[in-house]
Amino acid sequence: MLDDYRRARKRGIKEFQSDVQAGCYPYPPALDDILKGQGYQGEVPIGTTEIDLPLIAGTRTRGRQNSFSSGFMPLQEAGSEFASKWSDLIDSQRAEGIREPIVAYEYLQRFYVQEGNKRVSVLRYLGQPTIYAKVTRVVPMPSDSQAYRVYQEFMRFYSVAPIYGIVFDNEGDYLKLAALVGEDLDHPWTDEHVRDLRSLYGVFAQAFRNRHGENLGLSEGAAFLIFLKAYGFPAVERATPAEIDGYVARVWGEFVVARGGGHVTYLEDPSGGRPHLFPEVKNLYHDVVHPKPFSLAFVYERNPLTNGWTLLHEKGRVHLKARLGASVMTRAYPDCADDEAFDHAVDDALADGADLVVTISPTQMRSCLRGALAHPGRRFINCSVSLSHSAVRTFACRTYEAKFLLGALAAAMAENHRVGYVAETPVFGIVAEINAFAIGAQMVDPYATVYLKWFSAKDYDWKRELAETDVRIVSARDYVSPTDPTEPWGLYRIGDDGVAEHLAEPVWDWGRYYELIVQSIRNDTWEEEGLARRGEALNYWWGLSAGVIDVKLADAVPYGQRVLVEGIRQSLLTGRINPFAGELVSQEGAVLHESPERLSSKEIVQMSWLNSNVVGRLPEQHELSRDGLEKVEVSGVIPLDLEQLPHKGALS
């Protein structure tokens, strides 16, 4: 119908004028023009396949470019032969559909039409999502660009899962997609998996566009990965469009946080820096109006009887109950490492009226996020730093402050200027703890050297290596192992007889931490912080000043060293000193910071360099144990080759 043509032409003229005003080329670009200055390796026939209409970027040759706007809307006069053929084609489409595939060339996942421009125009006007095309791939010239590396990965993906339309901007994303679907890029996927993924992505993309996701500044591909990580492919692969739309609505906050790489706001003061007026009156009001005890559910990945980190938090839970009495109810759910156990614990806790679900390990974040999305409006919190999510808030201690004090004490106790430090795993925050320890040691003894080892590294004996270096003062695991309470821990000294003498340890007061969290929810600070920082991931990152972490010295520490540690501690509390303010020098000799102001929270948490007096390095992927790899995969500061992982994990 000519009426359709006139309406389509009106859209085309509007697009044309808009492009001209913006200084953009107003016609579909020609692939031949694009290739003139770049060249290509060759052409590979792909065959006939279904492609997304939004991926059609232009024409193969110049030809009749000026007949279409950049969006393939017609431009010629309504009385032209072109207009008549276009009108006949739309009538045919409505009567029986367009069955003849177009002929197109694919270059870097964009399509350029050689035959069928009017068919593309008609179907775009009608809002059709896809079109069948006889495709030939134009292979680009090799380069070291990000775009070429991503395209190489796409070609691997297409060879095992022939799907066009899932476009990523970052290298490694197709590997992540494959892992999330339970596949890889080396073996052909089942037809069922290919069909289900193609269908799921199409429905997801439509829901994303319907909500104007293009305005987020986040690509559809990046949003799709977040969607799959949140819900899991098995849970959504056969969902209806209405269900997918509901899932997209729930996860939208994660898209908002993820744009621009995911911004984390670190709240370093329990009040958020905004004290409430008359807190006693306000708390009294809540106690009167809401007499129901505040309920917390602690969902543990491991068991406090066998895991020291879990035991610390379990003691915090018991301490919280002792401090707040009948005003709180708590319940622990140990051994929830797998999805089924975790989901069962969360469902049980929320059915029992839990006001807050607490998880204590970064490796629980994926499960925690899934639970938060399944129960919108309920509160979830995870003990980690620098994991950016909207539905789950995170919390951690500025443990580097305690390590700074322990480093100073270690140097004061080391007669030969040598100190050992055994770190757990190279994840967010751990490198800052190493450096704070080393800087504290260097401040007391400019000749102090810190020998760095790793618990998570496999197949090596760090105790033997430290002994061979004549290291007598060692900072090892920060807490007692429930399964081996005789193992030296904290900061200790090895005597001539080989016996370890305990000197000091960091102390976490998780009971106080949880009490402050409960208080923030009861006095509405939690809600106000969320409203004031929409679109940001919130991390409670409290330290010495909040009373949630400190150091404890053993009786074996001499009086002088006690005075030294307390003096530095008071300077930390008053802000007169900070390990990450002033000149900071790396192992390479580079001066990384000279300002009297402290490094930003992000710079501290994501630190990956080592201080000049550290002997050692961050472990590489092949050196890590399976448990270490699982932690690094979620929140690591070292790069990982996903294809070399021995398991399919959370995929950070």
Side-chain angles (χ1 to χ4, degrees), residues 298 300-320 332 334-335 337 358-364 382-385 395-407 409-410 419-434 436-437 440 452-457 462-463 466 473-494 500-514 541-544 546-557 565 625 627-628 630-631 635:
F298 291 76
Y300 299 141
E301 189 174 45
R302 301 187 180 182
N303 197 300
L305 297 177
T306 58
N307 181 262
W309 183 249
T310 307
L311 179 60
L312 289 177
H313 286 270
E314 176 62 7
K315 289 179 177 178
R317 180 186 73 85
V318 174
H319 188 199
L320 171 70
D335 298 316
V358 180
T359 55
I360 65 167
S361 170
T363 52
Q364 291 182 286
N382 175 258
C383 189
S384 59
V385 289
F395 71 104
C397 288
R398 295 196 301 274
T399 306
Y400 78 83
E401 294 176 341
K403 293 292 187 172
F404 180 59
L405 298 176
L406 292 175
L409 175 60
V419 178
Y421 189 102
V422 192
E424 186 65 46
T425 310
V427 297
F428 292 135
I430 291 295
V431 179
E433 294 174 16
I434 298 168
F437 183 92
L452 174 63
K453 307 298 176 183
W454 294 91
F455 282 115
S456 55
W462 60 265
K463 291 182 180 179
L466 289 178
I473 303 295
V474 179
S475 176
R477 187 165 278 118
D478 294 323
Y479 42 82
V480 178
S481 169
T483 57
D484 189 5
T486 62
E487 176 73 14
W489 60 283
L491 186 71
Y492 60 88
R493 174 171 51 196
I494 302 173
E501 181 182 30
H502 186 71
L503 299 175
E505 78 264 15
V507 178
W508 292 270
D509 190 344
W510 291 117
R512 173 169 171 76
Y513 211 127
Y514 293 131
W541 199 40
W542 301 340
L544 279 171
V548 295
I549 191 167
D550 211 327
V551 295
K552 181 180 179 181
L553 307 185
D555 293 340
V557 176
V565 171
S625 65
D627 182 65
E630 289 178 354
K631 293 175 181 176
S635 59

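Being a predicted model, the structure only gives us computed values, none of them experimental. Just so it is clear, the values below take in all heavy atoms, side chains as well, and ignore hydrogens, waters and symmetry mates.
Considering CG of Asp627 and OG1 of Thr363, their distance stands at 8.0 Å, rounded to 0.5 Å. Within the model, atoms CH2 of Trp489 and CD of Glu487 stand 12.5 Å from one another, a figure rounded to the nearest 0.5 Å. Leu409 CG to Leu405 CG: the interatomic distance, rounded to the nearest 0.5 Å, is 9.0 Å. Taking CD of Glu314 as the start and CZ of Phe298 as the end, the distance is 8.0 Å to the nearest 0.5 Å. Taking SG from Cys383 and OH from Tyr513, the interatomic distance works out to 7.5 Å, rounded to the nearest 0.5 Å. Summarising the geometry, atom CG belonging to Leu466 is positioned 9.5 Å from atom CG belonging to Leu452; distances are rounded to the nearest 0.5 Å.
Listed here is the closest heavy atom pair of Pro485 and Val480: CA-CG1, 3.8 Å. When all heavy atoms of Pro426 and Trp454 are compared, the closest pair comes out as N-CZ3, 3.5 Å. Considering every non-hydrogen atom in both Glu501 and Ala556, the closest pair reads OE2-CB, 3.3 Å. Among all heavy-atom pairs drawn from Trp541 and Cys397, the shortest one is NE1-O, 3.5 Å. Minimum interatomic distance between Ala476 and Pro488 (heavy atoms only, all atoms of both residues): CB-O, 4.4 Å. Shortest non-hydrogen contact noted between Ala432 and Tyr400 is O-CB, 3.9 Å.
With Ser456 contributing its side chain and Ser625 its backbone, the two residues share no donor-acceptor pair below 3.5 Å. Under the 3.5 Å distance criterion, the side-chain polar atoms of Glu401 are matched with a main-chain donor or acceptor of Leu544. In this structure, the side chain of Trp309 engages the main chain of Ile360 through a donor-acceptor pair within 3.5 Å. Between the Asp335 side chain and the Glu301 main chain, no donor and acceptor come within less than 3.5 Å of each other. Between the side chain of Thr425 and the backbone N or O of Val427, no donor-acceptor pair lies under 3.5 Å.
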(request) With side chain to side chain contact (heavy atoms under 4.5 Å, CB included) as the test, would you mind laying out the steps for Lys403 and Ser475 before giving the verdict? (result) CA-CA 9 Å; Lys403 293 292 187 172; Ser475 176; 4.0 Å; yes
(request) Begin with the C-alpha distance, continue with both residues' side-chain angles, and end with the deciding distance and a verdict on side chain to side chain contact (heavy atoms under 4.5 Å, CB included) for Val565 and Val557. (result) CA-CA 10 Å; Val565 171; Val557 176; over 6 Å; no
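Contact annotation: the side chain of Leu305 never approaches that of Pro482 to less than 4.5 Å [non-hydrogen atoms, C-beta and beyond]. Residues Pro506 and Leu406 have side chains in contact (heavy-atom distance under 4.5 Å, counting atoms from C-beta outward). Contact of the Leu491 side chain with the Ile473 side chain is registered, since non-hydrogen atoms from C-beta on lie closer than 4.5 Å. The shortest distance between side-chain heavy atoms of Tyr300 and Asn307 does not fall below 4.5 Å.
Using modelled atom types, one finds no donor on one side chain facing an acceptor on the other under 3.5 Å when comparing His319 with Tyr514.
Outside the 6.0 Å centre-distance limit, the rings of Phe395 and Trp542 are not counted as a close aromatic pair.
The only member of Asp478, Val548, Asp550 that meets side chain to side chain contact (heavy atoms under 4.5 Å, CB included) when paired with Trp508 is Asp478.
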